[in-house]
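Here is the structure we will look at.
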Amino acid sequence: MTFDRAFFERSALDVGPSLLGAILTHHGVSVRITEVEAYIGDGVDPGSHAFRGRTRRNSSLYGPPGHLYAYFTYGMHTCANIVCAPEGTASGLLVRAGTVVDGIELARSRRLTSRTDDDLARGPARLTVALGIHLAEDGSDLNQPPFDLVVPSSQADYRTGPRTGISGPGGGAAYPWRFWIPGERSVSPYKKSPKVEQNPL
DNA sequence: CATTAGATCGTCT
DNA sequence: GACGATCTAATGA
């Protein structure tokens, strides 16, 4: 065990910044997390998969904190979330980007289209491929093999901005619920200098 | 570097 | 039946 369950029992908005710099490991590849997005549950967050309540797909988002929520999208991509908040509350952090710190050869072999090492885990779907995370692992405990997650002991320097890739009425991108470590080349290139707005919560 | 189009299918309405 | 919490290749400045 490399993290306390209590670490993820808080709101994703609080866990987000403190998770930056964490090391996520899966089947021979380790990544230092450099960018995440918070999604808070059920009815309050139009951008969340759980906005309209519990379904088969998003059910692990309601599960125990510190577990994996993996989903399939755009007909070809799998993305990974870390479940936050107490069990029963749908909240999570989409892991958007990271730097490969171990198993880089294996990561390269999984991401043959990647031209540079900076691109190996830049973007949520790419990161999932680099780590070799499969959709079938949805719901897995990140504190148990083949996963491992080491959370930082101190708060890293970070920035906030609007979430990316969210559309629809109500504008799920309205709030600065994206967190990243400045100066990291692995952060998503999209909307690099977003306007920072007030956090409504 | 910036913008754009196409790919592709599970999930929910 | 419509639409993604996206990525890549291609094109133009």
Side-chain angles (χ1 to χ4, degrees), chain A residues 8 11-13 15-17 19-20 24 31 33-63 67-85 89-100 107-139 142 160-180 185-194 197 199:
Chain A
F8 291 104
S11 162
L13 296 180
V15 179
L19 184 65
L20 294 171
L24 177 60
V31 154
I33 296 174
T34 55
E35 182 186 4
V36 298
E37 273 178 9
Y39 290 84
I40 59 178
D42 215 312
V44 283
D45 179 6
S48 171
H49 284 172
F51 183 56
R52 288 173 181 81
R54 187 171 189 150
T55 66
R56 179 197 237 76
R57 178 212 209 182
N58 65 26
S59 81
S60 55
L61 211 41
Y62 291 77
H67 284 227
L68 177 72
Y69 165 48
Y71 66 90
F72 183 76
T73 190
Y74 288 105
M76 60 195 97
H77 297 307
T78 300
C79 299
N81 287 239
I82 299 175
V83 177
C84 294
T89 300
S91 178
L93 287 165
L94 170 66
V95 186
R96 289 193 59 84
T99 304
V100 177
R108 286 187 190 124
S109 72
R110 287 171 176 157
R111 293 224 58 238
L112 296 175
T113 56
S114 205
R115 281 320 242 134
T116 75
D117 287 346
D118 288 338
D119 282 343
L120 287 175
R122 173 197 251 190
R126 293 169 172 176
L127 179 140
T128 303
V129 171
L131 281 172
I133 294 175
H134 181 63
L135 191 56
E137 296 179 287
D138 177 45
L142 297 177
T160 69
R163 294 177 301 193
T164 69
I166 317 279
S167 60
Y175 312 123
W177 292 342
R178 175 172 169 240
F179 309 97
W180 70 93
R185 281 200 300 245
S186 61
V187 301
S188 309
Y190 327 123
K191 305 179 182 174
K192 240 178 183 172
S193 304
E197 305 168 32
N199 190 322

Nucleotides 7-13 of chain B: protein proximity per nucleotide (B base, S sugar-phosphate only, - neither; heavy atom, under 4.0 Å): BBBSSSS

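The distance from atom OH of A:Y71 to atom P of C:dG4 is 12 Å, rounded to the nearest whole Å. Separating the CZ atom of A:R163 from the P atom of C:dT6 is a distance of 11 Å, rounded to the nearest angstrom. Rounded to a whole Å, the CG atom of A:D119 is 13 Å from the C1' atom of C:dA9. We find that CG of A:L120 is positioned 13 Å from P of C:dC7, with the value rounded to whole Å. For the pair A:R126 CZ and C:dA9 P, the computed distance is 9 Å after rounding to whole Å. Here C:dA5 presents its C1' atom at 12 Å from CD of A:E35, a figure rounded to the nearest Å. Spacing between atom CG of A:L61 and atom C1' of C:dA5 amounts to 11 Å, rounded to whole angstrom units.
With sequence neighbours left out, A:S48 forms a side-chain hydrogen bond (donor to acceptor under 3.5 Å, both in side chains) with no residue at all. With sequence neighbours left out, the side chain to side chain contact (heavy atoms under 4.5 Å, CB included) criterion links A:R108 to A:I104, A:E105, A:D117, A:L120. Taking A:D138 as the reference, A:S60, A:Y69, A:A70 meet the side chain to side chain contact (heavy atoms under 4.5 Å, CB included) condition, with sequence neighbours excluded. Remark: A:V36 pairs with A:L19, A:L20, A:I33, A:L93, A:F179 by the side chain to side chain contact (heavy atoms under 4.5 Å, CB included) rule, at least two apart or across chains. A:R57 pairs by the salt bridge (Lys or Arg N to Asp or Glu O under 4.0 Å) definition with nothing, not counting sequence neighbours. Every residue two or more places apart in sequence or in another chain that forms a side-chain hydrogen bond (donor to acceptor under 3.5 Å, both in side chains) with A:R111 is listed here: A:T113, A:S114. Annotation: side chain to side chain contact (heavy atoms under 4.5 Å, CB included) contacts of A:A80 (sequence neighbours excluded): A:L68, A:T128, A:I133.
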Tabulate protein N/O versus nucleotide N/O from nucleotides 1-3 of chain B, keeping only pairs under 3.5 Å, one per line.
none

Polar pairs (N or O, both sides) under 3.5 Å between protein and nucleotides 11-13 of chain C?
none

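Not one N or O on the side chain of A:N81 forms a donor-acceptor pair closer than 3.5 Å with the backbone of A:V83. Looking only at distances, no side-chain donor or acceptor of A:R178 sits under 3.5 Å from a matching main-chain atom of A:E35. One N or O on the side chain of A:S91 and one on the backbone of A:Y39 form a donor-acceptor pair closer than 3.5 Å.
Note on ring orientation: taking the six-membered ring where Trp is involved, the planes of A:Y74 and A:H77 are perpendicular (angle over 60°, cut-offs 30° and 60°).
Closest non-hydrogen pair, A:A121 versus A:V31, comes out as CB-CG2, 4.3 Å. Closest approach of A:C79 and A:P124 over heavy atoms only: SG-CB, 3.9 Å. For A:P17 against A:L13, the heavy-atom pair with the smallest separation is CD-O, 3.4 Å.
Heavy-atom distances under 4.0 Å link DNA chain C to A:R111, A:T113 of residues 111-118 of chain A, given in residue order.
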Trace of the side-chain hydrogen bond (donor to acceptor under 3.5 Å, both in side chains) decision for A:D42 with A:Y62: CA-CA 9 Å; A:D42 215 312; A:Y62 291 77; 2.7 Å; yes

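Taking the side chain as every heavy atom from C-beta outward, A:I40 and A:W177 approach each other to under 4.5 Å.
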Intra- and inter-strand pairs of DNA chain C in dot-bracket (Watson-Crick or G-U wobble, both distances under 3.5 Å; | for another strand): ||||.|||||||.

